[in-house]
Amino acid sequence: MTDSSSLSSFSRQVASVVSGKKPPLDQWNPSYCGDIDMAIRADGSWWHEGREIKRPALVRLFASILRREADGYYYLVTPVEKCRVDVKLHPLVVVDVDVVKTEGDGALMLTLNTGGQVPLNVSYPLALEPRAANAAFVNLDNGLSALFSRAAWYRLVEMADENGCIFSAGQRISLLP
């Protein structure tokens, strides 16, 4: 499944399944149908057959059906097909960080390059990435992760106290390696 017509067919299939809702990836167990000539570069850009996918809606669509499996590989998954995708570092990027008020404590809300948002908390923990000069990344659903963009990382560092720690959802998190 490497030619443009196959990708177009796959896109239509995905669009009909997703239609604005979070797909139930954990319930889909299709057969592996091969590698697809799609790559997610270290900067978070998505590429197909050597050309960048520039339509944000298409990137969001593909990101919504991406999962990392126990074998360590990333796959685009529909109810009937599963295709392996090459991911160089992390498949998603945190592009912004905001403080939001919650009951009791404040929390940091992370905005992803796909437009989604996740709170920095126990369910979505922060870690440091040695392959990216110890910039932060956050673990997400379906085995995915998002590396902080340079701007988002600097914003997070500015929020740190004198000990290099940030606070979110009642947690004290060190930004130091």
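As the structure is a computational prediction, the values presented were derived from the model and not from experiment.
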Nearest 0.5 angstrom please: [X] [atom1] to [Y] [atom2], how far?
X      : Y      : atom1 : atom2 : value
Leu120 : Ile173 : CG    : CD1   : 4.0 Å
Trp28  : Lys82  : CH2   : NZ    : 13.5 Å
Asp26  : Asn142 : CG    : CG    : 7.0 Å

(message) Taking the basic N atoms (NZ, or NE/NH1/NH2) and the acidic carboxylate oxygens, is any pair closer than 4.0 Å for Asp98 and Arg155?
(response) yes
(request) In plain terms, say whether Asp43 and Lys88 are close enough for a salt bridge, that is, a side-chain N and a carboxylate O under 4.0 Å apart. (result) no
Considering only heavy atoms from C-beta outward, does the side chain of [X] approach that of [Y] to under 4.5 Å?
X      : Y      : result
Leu140 : Tyr124 : yes
Arg60  : Arg55  : no
Glu69  : Tyr75  : yes
Leu110 : Asp96  : no
Leu147 : Leu89  : yes
Leu126 : Leu175 : yes
Met38  : Ile53  : yes
Ile40  : Tyr74  : no

(message) Quick check against the 3.5 Å criterion: does Ser168 have a side-chain atom that pairs as donor or acceptor with the backbone of Asn121?
(response) no
(request) Using atom types as modelled and distance alone, determine if a side-chain donor or acceptor of Asn113 lies under 3.5 Å from a backbone N or O of Val93. (result) yes
(request) For the pair Met159 and Val99, evaluate side-chain contact (heavy atoms from CB on, under 4.5 Å) and give the outcome as yes or no after the intermediate values. (result) CA-CA 10 Å; Met159 295 177 182; Val99 178; 4.2 Å; yes
(message) Assess the residue pair Asn163 and Arg172 against the criterion (side-chain contact (heavy atoms from CB on, under 4.5 Å)); give the C-alpha distance rounded to whole Å, side-chain angles, the decisive distance to 0.1 Å, and a yes or no.
(response) CA-CA 11 Å; Asn163 297 313; Arg172 182 176 188 255; 3.7 Å; yes
At their closest point, which heavy atom of [X] faces which heavy atom of [Y], and how far apart are they?
X      : Y      : answer
Ser174 : Cys165 : CA-SG, 3.9 Å
Asn134 : Pro130 : OD1-CA, 3.5 Å
Leu66  : Leu25  : O-CD1, 3.5 Å
Ser145 : Pro91  : O-CD, 3.3 Å
Thr78  : Pro30  : O-CG, 3.2 Å
Ala136 : Leu128 : CA-CD2, 4.1 Å

(request) Begin from the C-alpha positions of Ile166 and Gln171 and carry the test side-chain contact (heavy atoms from CB on, under 4.5 Å) through to its verdict. (result) CA-CA 8 Å; Ile166 57 169; Gln171 293 183 291; over 6 Å; no
(request) Dump the intermediate steps for side-chain contact (heavy atoms from CB on, under 4.5 Å) on Tyr73 and Arg68, then the final yes or no. (result) CA-CA 6 Å; Tyr73 290 105; Arg68 186 173 192 188; over 6 Å; no
(message) Could you tell me if Tyr32 and Asp35 have a donor-acceptor pair between their side chains, going purely by distance under 3.5 Å?
(response) yes
(request) Could you tell me whether Arg41 sits above the aromatic face of Trp47, with NZ or CZ closer than 6.0 angstrom to the six-membered ring centre and within 45 degrees of the axis? (result) yes
(request) Can you sort out the partners of Glu129 under salt bridge (charged side-chain N to carboxylate O under 4.0 Å, His left out), two or more places apart, ordered by chain and number? (result) Arg131
(message) Check for me, please, whether Val118 and Val95 land in the same ILVMFWY cluster - side-chain distances under 4.5 Å, paths through other members count.
(response) no
(request) State plainly whether one hydrophobic cluster holds both Leu112 and Val59, where clusters connect Ile, Leu, Val, Met, Phe, Trp and Tyr through side-chain heavy atoms under 4.5 angstrom apart. (result) yes
(message) Going by side chain to side chain contact (heavy atoms under 4.5 Å, CB included), name the residues that satisfy it together with Gln117, two or more places apart in sequence or in a different chain.
(response) Met109, Thr111
(message) Can you pull out every ring-ring contact (aromatic ring centres under 6.0 Å, His included) where at least one residue sits in residues 126-172? Sequence neighbours excluded, please.
(response) His90-Phe137
